[in-house]
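Only one structure is covered here, and it is reproduced in the block below.
In listed order, ligands and their atoms are each counted from 1. These values consider heavy atoms only, across backbone and side chains, with no hydrogens, waters or symmetry-generated copies. Residues: numbered from 1 along the sequence shown.
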Amino acid sequence: MSRAPSRLSADIDFDKEGKQTGFVRLPHSVHRSAYGWIPIPVTCIRNGEGPRVLLTAGNHGDEYEGQVALMKLVRSLEPRDVRGRIIVLSAANFPAAMAGTRTSPIDEGNLNRSFPGDPNGTVTEQIAYYIESVLLAQSDFALDMHSGGSSLMYVPSALARRFDEPEKTKRSVELLRAFGAPVGYLTDAPQGADRTLTAGAERQGVTCMGTELGGSGTVTPAALRAGEAGLRRVLGLVGALTDPPKEKPPETRLMEVRGWDYYVYAPDSGLWEPLVELGDEVAAGQPAAAIHFPDTPWREPTIAKFARAGTVICKRIPGRTERGDCLFHLGTPVKL
Ligand code: CA
């Protein structure tokens, strides 16, 4: 990994006490603006000694619940409410967030597949590099708020890593329980995991968790409520609030999401008919979806099946599908 400094810089001082709002400036020289920069909004709230927290949303621009939760938090939190420091990037991949798309309209970059980033790379790679080498490098705890975005819908969930070290996994479980989403699941290293913000946090020695709050390219009130309340409780747990929420978190269903057999992919392209719903318990071999062929309506549909038993916690939203799209994924009760 290059040690060159990031080309991005914040117009606020993260070492200063109090509440500051401003922009991380990403130099971007283009036809309409020769000396311009991309303004990534940032808030820093600092009050004395305490944990250094980084909160992010809009890592994928079409995942809205976390963005709304963090905008509301930024407006409501004052320095007296905070112990230590909270930095908030509610639109982390700002060009994607403004376009309402998963990836950046500038470079097609998927921020959560761009870590550790590159100081001389594309716009998205430069954002990743700044988040990892500057923000995560000076954090103790990070929460990266995702949802299903445009193509997926989740049972509102929080997630954290399972580690080889039992003590670290125990902390993950504490965070999931404190967040108190309907589902809290442990993950192993999934596809592209070394390129995620979470992986960056691990490289920087930062305790990290995430969410998958809802999705469908919209804001669901119940998912947003779960996200906002969970966010406050987790900030309380890590010691970042002077007056942490006192109420007991709602019971979270502790689950795990492991190998490829947890996922169902479209075996053909066409119009897909879901045969189960979010939250359903399914058996190994159970039909998950029928793929119909509008261009050959008399052709028998292709049936996709679940490879294993589990609970359906994620479902594809658009009716059209292409071979290789994820249609469902499962969770199973966690074995610790
Ligand atoms: Ca996401």
Side-chain angles (χ1 to χ4, degrees), residues 40 54-71 88-105 107-115 117 124-125 127-128 131-132 136 142-161 176 179 181-202 208-220 223-224 226-228 230-231 234 255 257 262-263 265 278 312-318 324-331:
I40 306 169
L54 176 65
L55 303 175
T56 50
N59 180 335
H60 291 138
D62 62 340
E63 301 177 5
Y64 301 119
E65 292 87 342
Q67 297 183 48
V68 173
L70 290 188
M71 287 188 276
V88 183
L89 282 188
S90 55
N93 194 350
F94 181 72
M98 293 305 286
T101 50
R102 178 174 179 83
T103 54
S104 174
D107 56 15
E108 295 292 322
N110 179 339
L111 179 58
N112 219 32
R113 302 291 183 275
S114 298
F115 288 83
T124 306
E125 288 166 342
I127 295 172
I131 290 174
E132 180 162 340
L136 287 170
L143 169 59
D144 188 28
M145 301 187 83
H146 288 251
S147 78
S150 304
S151 73
L152 298 172
M153 184 67 178
Y154 268 88
V155 175
S157 301
L159 61 145
R161 281 289 185 87
L176 296 180
F179 198 95
V183 167
Y185 65 89
L186 289 173
T187 63
D188 302 311
Q191 175 194 31
D194 58 334
R195 295 183 292 161
T196 63
L197 190 151
T198 304
E202 284 175 29
C208 185
M209 72 179 302
T211 66
E212 292 293 357
L213 281 174
S216 311
T218 188
V219 177
T220 307
L224 179 60
E228 290 189 78
L231 170 61
V234 160
M255 310 203 86
V257 177
Y262 281 69
Y263 296 78
Y265 288 89
L278 271 180
V312 179
I313 64 171
C314 177
K315 175 197 173 192
R316 176 177 171 81
I317 292 303
D325 289 340
C326 177
L327 302 179
F328 293 107
H329 86 73
L330 302 173

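- Remark: S150 pairs with D62 by the side chain to side chain donor-acceptor pair (under 3.5 Å) rule, at least two apart or across chains.
- Distance check: L89 CG to L55 CG gives 9.5 Å after rounding to the nearest 0.5 Å.
- Relative ring orientation between Y154 and H329 is described as perpendicular, the plane-to-plane angle rising above 60° on a 0-90° scale split at 30° and 60°.
- Checking each of N93, T56, L197, T103 against L111 for a side chain to side chain contact (heavy atoms under 4.5 Å, CB included) leaves exactly one that passes, namely N93.
- Among residues two or more places apart in sequence or in another chain, the side chain to side chain donor-acceptor pair (under 3.5 Å) test is passed with E212 by none.
- For D325, the salt bridge (charged side-chain N to carboxylate O under 4.0 Å, His left out) criterion is met by R316, not counting sequence neighbours.
- Protein N/O/S atoms found under 3.0 Å from the Ca ion (ligand 1), listed by chain and residue number: H60 ND1, E63 OE1, E63 OE2, H146 ND1.
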